[in-house]
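Contents: one structure, followed by commentary.
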Amino acid sequence: MVTGMQTNLPSVKEVWNWLDAVADPEVPVVSIVDLGMVRNVRWIEEDGDQTLVVTITPTYSGCPATAVIKEDIRQALQQRGLSRFQIETRLSPAWTTDWMTERGRHRLLEYGIAPPEPREQGSAKPVPCPRCGSADTRLVSQFGSTPCKAFYICNSCLEPFDHFKCH
Amino acid sequence: MSPQTPAPQKQQSFEYVLRLGDNCLILSQRLGEWCGHGPELEEDMALTNIALDLNGQAQNWLEYAAELDDQKRTPDMLAFQRDAGEFRNCLLVEHPNQDFAYTMARQFYFDTWHNLMLNELLDSSDQRIREISEKSLKEARYHLRHSSGWVIRLGDGTDESRRRMQAAIDDLWPYTGELYTADQLDAAILAEPFEPGLSQLKTAWLTGVQSVLTEATLQIPNSEWMQTGGKQGVHTEALGYLLAEMQFLPRAYPQAQW
């Protein structure tokens, strides 16, 4: 039922669902919502019109994916007919892997990336191999293929793997 | 920045934020020079990852500096259109890479300071400075872990690695005083909220450096004499060459668009 412009506006919940379909460009099995990068979605009134504001927080300061993600959000909103929106960046509180969803962690594991452990747990526990599950693994480099990952090798199955760093 | 902020204060903030941003930008450029030349693949990636973090931090600082700039320059103009004398980074970060030991000694000295400084800045009265520091600090911790690890590994390594690490630690030592010695601007910006932190910075830095060098079985340099000038725009010859490379494209093609 279409009764006018205003009622055509999607709900905040609907927008969250759209954003949940925006994949991380570096790790496409998880969405930007899974990663906890989307901090807020809200409608504001600007010059009498409703404007959507999406607030995102970058993962790492220099992550080149951040620019791509903003572009992907823009496209996702435009494709659904939205023209009045702003994408704002918020630095504080700083992004943490504790904001990652359970579904996101599960998807990482299935993809072959060891998910981040909760921060309070620290680095005391070994990072289990995402392939064979062995706890006998070793860190090769704190800096992996993207800023968010460290590089590991499993001593049991001898496969190398990425670990999404606890941050 | 709120319009009621008095002009001199704003100018001081601009200069101070430039210092923070220029340190990150210049060190990032130096580390980027290692791309494809790292001693092993993992290290190649580590150095460029750190370069990327610092580049992102530089971007955050220079975006803020641009907002404070009376001349209304954009962040890109600040990065690519200033000449050496207008840069406010400390001398240490412009020092050439030389070999891997020098690169790690430079990084270790810087990272030790960076962690302490960012931690102090979490209490800044300026919200933007607090926010950027909070974000940067999480990354700076990885950097310090990495550079300390190498100083220890090379110092407490073979005769050759130890000799070279010690040479780097000694040669770069005179460039470290600038990090923790406050000049008038540092004092003006940091004095009120930070007085205790600022005077303790030197002690905290020395303690941090000392503990790693001891573990690395390296001698702690005892020279008191320090180089100065970078923070005020008086740089070594090395910065000009670095800028020539970094700024070449936007200077040769001023209208170039990404």
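Quick note: numbers below take in every heavy atom, side chains included, and nothing from hydrogens, waters or symmetry partners. Each chain gets a letter, A, B and so on, in the order its sequence line appears, and its residues count up from 1.
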For [X], does the [atom1] atom sit with more than 12 other heavy atoms under 6.0 Å from it, leaving out its own atoms?
X	atom1	answer
B:E160	CD	yes
B:E215	CD	no
B:Q127	CD	no
B:E245	CD	no
A:R74	CZ	yes

Going by the angle between their ring planes, with limits at 30° and 60°, are B:Y142 and A:H167 parallel, tilted or perpendicular? parallel
Distance (rounded to the nearest 0.5 Å) between [X] [atom1] and [Y] [atom2]:
X	Y	atom1	atom2	answer
A:L91	B:R130	CG	CZ	12.5 Å
B:M45	A:S141	CE	OG	7.0 Å
A:K165	B:K138	NZ	NZ	12.0 Å

What residues form a ring pair (Phe, Tyr, Trp, His ring centres under 6.0 Å) with B:F87, not counting sequence neighbours? none
My understanding is that only residues two or more places apart in sequence, or in another chain, count here; which of them pass ring pair (Phe, Tyr, Trp, His ring centres under 6.0 Å) with A:Y152? A:F161, A:H163
In terms of heavy-atom pairs under 4.5 Å, which option from B:R128, B:E43, B:E139 contacts chain A the most? B:E139
For the candidates B:E42, B:K135, B:E131, which exhibits the highest count of non-hydrogen atom pairs separated by less than 4.5 Å from chain A? B:K135
Using only non-hydrogen atoms and a strict under-4.5 angstrom cutoff, which residues of residues 47-63 of chain B touch chain A? B:N49, B:I50, B:L52, B:D53, B:G56, B:Q57, B:N60
Which residues in residues 94-112 of chain B have a heavy atom less than 4.5 Å from any heavy atom of chain A? none
Sidechain-backbone polar pair: A:Q142 side chain, B:H146 backbone, donor-acceptor under 3.5 Å: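 No, the answer is negative, given that no donor and acceptor are paired below the 3.5 Å cut-off.
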Is A:T96 in contact with chain B via its backbone, its side chain, both, or neither, using a 4.5 Å heavy-atom distance?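 Both backbone and side chain.
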Side chain, backbone, both or neither of A:F151 within contact of chain B (heavy atoms, under 4.5 Å): side chain
